[in-house]
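Numbering of residues begins at 1 and proceeds along the displayed sequence.
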Amino acid sequence: MTTYRISQLAERSGVPATTLRFYEDAGLLSADRTPSGYRVYGEDAVERLAFISSAKLLGLALEEIRELLDLRQEGVCASVRARMLPLVAQRITATDSRIAELRAFSAHLVGVHAELAGPTPAGACGPDCGCTTTGTPAAGPVPVTLAPTRPDREGEPWRDVPVACTLSGAELGERTGQWQRLVGRAERRGGIADGLRLSFPADPELAGEITALAAAEQGCCAFLDFTLHLTPTALQLDVRAPESAAGMLADLFGATP
């Protein structure tokens, strides 16, 4: 029977070792131990990881993936498919709802853009200059709030974004290196709910670097949530992610104390 050490499984599956440890802690992956304490995984771990990665690309939550893995362990494919059907249907409904919201928001932006491109009023800004949009226009697109699909997560749409990165292997390695170099400049690091907090010297240029990198990161990993707070004496970055993205969070920013 073929077995793998954690580094071998990471190389075979393409899943970082930090993520493998997270999966083990979360009950998604099991490992035996050698007499010297090293993790040893069976051949089935490769196929199990492929299923986990596929489920993550569908946007399934960690508890949903765990449930599917338990069903899959029973060896009856029909049971797994029967459970996946309503889960995927829910994601279709949620995605269609998000698309409708984005289209409405895009239409609203088009209207604002058209107004800003029109004649510019003389003097200072005022309530009718077009720079401030309040209320609902008498005609045309209606402003919308991009609400999450789960009512108990109001104001936190990042929680419902599929945990999937669009970067290639080389691009991902370069991005990881950029974050690690930046994290190395942090004076303090600690855990917060759903993520971690990094404290840097109060430097506006550094704040600009962090903002640019965070914006680039959200372009490929929209499930990451960044909050930057700059004062004359402190620069603080909070990074949060869904539970199923904890492994990637550790890869980019390191484990929290």
Side-chain angles (χ1 to χ4, degrees), residues 1-34 38-103 147-154 156-169 172 194 220-224 241-251:
M1 178 179 176
T2 303
T3 59
Y4 301 96
R5 294 283 182 89
I6 191 168
S7 59
Q8 295 171 323
L9 182 59
E11 183 177 359
R12 172 75 186 274
S13 65
V15 178
T18 51
T19 304
L20 295 178
R21 296 188 188 96
F22 167 73
Y23 286 165
E24 185 180 346
D25 292 340
L28 301 181
L29 190 66
S30 61
D32 295 326
R33 296 278 181 167
T34 66
Y38 290 103
R39 290 178 172 86
V40 177
Y41 300 88
E43 176 65 28
D44 64 316
V46 177
E47 190 174 346
R48 193 176 180 90
L49 286 169
F51 183 83
I52 294 172
S53 297
S54 174
K56 286 172 61 180
L57 288 174
L58 296 177
L60 300 185
L62 188 64
E63 60 272 16
E64 294 168 340
I65 297 175
R66 188 185 297 114
E67 180 185 356
L68 290 171
L69 286 169
D70 290 341
L71 289 172
R72 193 170 178 273
Q73 193 69 25
E74 296 174 2
V76 181
C77 181
S79 299
V80 180
R81 291 169 66 96
R83 181 65 187 112
M84 285 187 70
L85 272 172
L87 293 176
V88 173
Q90 291 170 12
R91 299 309 303 165
I92 292 172
T93 300
T95 301
D96 288 344
S97 176
R98 184 62 56 82
I99 290 172
E101 291 179 342
L102 288 171
R103 283 175 174 164
T149 56
R150 299 178 187 172
D152 60 332
R153 298 299 193 183
E154 187 173 357
E156 298 181 331
W158 54 273
R159 291 185 184 276
D160 293 309
V161 176
V163 178
C165 181
T166 60
L167 295 179
S168 65
L172 181 58
D194 301 311
C220 62
C221 299
F223 57 86
L224 290 175
E243 184 183 7
S244 57
M248 182 173 289
L249 203 66
D251 291 339

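Judged as a side-chain hydrogen bond (donor to acceptor under 3.5 Å, both in side chains), the pairs with a partner in residues 75-90 (not counting sequence neighbours) are, in order, Glu67-Arg83.
The heavy-atom pair separating Arg48 from Gly27 by the smallest distance is NH2-O, 4.4 Å. Smallest separation of non-hydrogen atoms from Val80 and Leu71: CG2-C, 3.8 Å. Annotation for Pro242 and Phe223: closest pair CD-O, 3.2 Å, computed over non-hydrogen atoms.
With a 6.0 Å cutoff to the six-membered ring centre and a 45° limit on the axis angle, Arg72 counts as a cation-pi contact of Phe51.
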Applying side chain to side chain contact (heavy atoms under 4.5 Å, CB included) to Leu49 and Leu9, what does each step give before you reach the verdict? CA-CA 10 Å; Leu49 286 169; Leu9 182 59; 3.9 Å; yes

Before you tell me yes or no, could you show the steps for Leu87 and Leu68 under side chain to side chain contact (heavy atoms under 4.5 Å, CB included), namely the whole-Å CA-CA distance, both residues' side-chain angles and the distance that decides it to 0.1 Å? CA-CA 10 Å; Leu87 293 176; Leu68 290 171; 4.1 Å; yes

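By the 4.5 Å heavy-atom criterion applied to side chains, Leu249 and Leu224 are counted as neighbours.
If you take CZ on Arg39 and OG1 on Thr34, they are separated by 11.0 Å, rounding to the nearest 0.5 Å. Distance check, rounded to the nearest 0.5 Å: CG of Leu29 to CD1 of Ile52 gives 6.0 Å. To the nearest 0.5 Å, atom CG of residue Asp44 and atom OG of residue Ser30 are 6.5 Å apart. Put simply, CZ on Phe22 and CG on Leu62 are 5.0 Å apart, with the number rounded to the nearest 0.5 Å.
Environment of CD in Gln8: crowded, with over 12 heavy atoms of neighbouring residues, nucleotides or ligands closer than 6.0 Å.
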